[in-house]
Amino acid sequence: MNGVVADGKIKSWIPFPYDWRMSVSDIVYGQTKLSTTSISLIDTLVKLSSDSLTGKVTLIAHSNGGLVAKQLVKALNEIGKGEIIDRVITIGTPDLGAPQAIPAILHGYKQSILAGFVLFENVARNLSKNSLGALGLLPSRSFFDRASTSVIVDEYSATPKKINTYDKLFDFLTNNSFSTTNTSNVDIPILLSKALLRKVESVHSSIDEWEFPTT
């Protein structure tokens, strides 16, 4: 990006750090704490646009950042400043959530870093279970409305079960008989908070059906 600035194609660019544990709505509408101060994402974008060569800003977002970008553009439109966004480029964003988030959060699956020298799977899932940002990556209600698929298949019980609706997934995540709220055994799925999942559900209900404006 510094090379693009040096070529004179854009005037400047900035990365925006945020706490991935927060929900996308809190990141957009709230304040992000830095080492010595707090900053607003909306205010940062407005200021960046005022210094832009075109008066507009291009957003580039990866993974969960794409959900943040969606909430951000929606918020800017709500206050009549949507015109400052030139375009939005998202990469690998789970717009409606992703089934891969289920084993990652319930078991810490593939979340270990350097074979546990930096982060153990159990530590990762204990962080994730209380993180609105992580829980926001779970399949949302709109995911099931748009895709007729089973995200979990139980073939070992006397009566095999398929999790193919949001309500079934919610019940499985918060109320199944073999999960527990506290365990160091990553083979046992961990129970999730109904209250936190309801907060995440509210965020998804706000942005899932909203689409970036087209020109």
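Numbers here simply count residues along the sequence, with the first being 1.
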Shortest non-hydrogen contact from [X] toward [Y]:
X: I105; Y: A134; value: CD1-O, 3.4 Å
X: R125; Y: S184; value: NH2-C, 4.2 Å
X: I207; Y: Q71; value: CG2-OE1, 3.4 Å
X: D95; Y: H204; value: O-CE1, 3.8 Å
X: G136; Y: V200; value: CA-CG1, 3.5 Å
X: V151; Y: P139; value: CG1-CG, 4.4 Å

Under-4.0 Å salt bridge between [X] and [Y]:
X: E211; Y: K74; value: no
X: D208; Y: R141; value: no
X: K47; Y: D51; value: yes

For the [atom1] atom of [X] and the [atom2] atom of [Y], what is their distance to the nearest 0.5 Å?
X: R21; Y: L127; atom1: CZ; atom2: CG; result: 7.5 Å
X: I188; Y: F178; atom1: CD1; atom2: CZ; result: 10.5 Å
X: D187; Y: Y109; atom1: CG; atom2: OH; result: 12.0 Å
X: I84; Y: K81; atom1: CD1; atom2: NZ; result: 7.0 Å
X: L67; Y: S25; atom1: CG; atom2: OG; result: 11.5 Å
X: D19; Y: D26; atom1: CG; atom2: CG; result: 10.0 Å

### Query
Does atom CZ of R146 have more than 12 heavy-atom neighbours, drawn from other residues, nucleotides or ligands, at distances under 6.0 Å?
yes

### Message
Is it true that, when you exclude K199 itself, more than 12 heavy atoms of the residues, nucleotides or ligands shown sit nearer than 6.0 Å to its NZ?
### Response
no

Any chain of hydrophobic side-chain contacts (each under 4.5 Å) joining [X] to [Y]?
X: I79; Y: Y29; value: yes
X: L48; Y: L34; value: yes
X: I39; Y: I14; value: yes
X: L96; Y: F144; value: yes
X: F16; Y: M1; value: no

### Query
Step by step, would you call M22 with L132 a side chain to side chain contact (heavy atoms under 4.5 Å, CB included)?
CA-CA 5 Å; M22 297 170 60; L132 292 174; over 6 Å; no

Return yes if some donor-acceptor pair links the side-chain N/O of [X] with the main-chain N/O of [Y] below 3.5 Å, else return no.
X: K56; Y: S49; value: no
X: S131; Y: S128; value: no
X: N126; Y: N122; value: yes
X: K129; Y: T181; value: yes
X: S150; Y: K162; value: no
X: N77; Y: V73; value: yes
X: S52; Y: T54; value: yes

### Identified side chain to side chain contact (heavy atoms under 4.5 Å, CB included) counterpart of F143 within the set L138, L169, T149
T149

Can you find a pair of side-chain heavy atoms, one from [X] and one from [Y], that are under 4.5 Å apart?
X: V88; Y: T90; result: yes
X: R198; Y: F170; result: yes
X: I89; Y: L59; result: no

### Message
Over 60° means perpendicular and under 30° means parallel, so tell me whether W210 and F212 are parallel, tilted or perpendicular.
### Response
perpendicular

#### Entry: Derivation and outcome, side chain to side chain contact (heavy atoms under 4.5 Å, CB included), residues I42 and V28
CA-CA 7 Å; I42 292 177; V28 170; 4.2 Å; yes

### Criterion side-chain hydrogen bond (donor to acceptor under 3.5 Å, both in side chains) on S142 and S140, from CA distance to verdict
CA-CA 5 Å; S142 295; S140 68; 4.5 Å; no

### Task
May I have the step-by-step check of side chain to side chain contact (heavy atoms under 4.5 Å, CB included) for V68 and L41, ending in yes or no?
CA-CA 10 Å; V68 175; L41 179 54; 3.8 Å; yes

### Task
Any chance you could lay out the side chain to side chain contact (heavy atoms under 4.5 Å, CB included) test for L135 and L192, step after step, and finish with the verdict?
CA-CA 9 Å; L135 297 176; L192 301 182; 4.0 Å; yes

### Task
Step by step, work out the side-chain hydrogen bond (donor to acceptor under 3.5 Å, both in side chains) result for N176 and S179.
CA-CA 6 Å; N176 72 69; S179 294; 2.7 Å; yes

### Message
Walk me through whether Y166 and E201 qualify under side-chain hydrogen bond (donor to acceptor under 3.5 Å, both in side chains).
### Response
CA-CA 10 Å; Y166 179 79; E201 184 179 344; 3.3 Å; yes

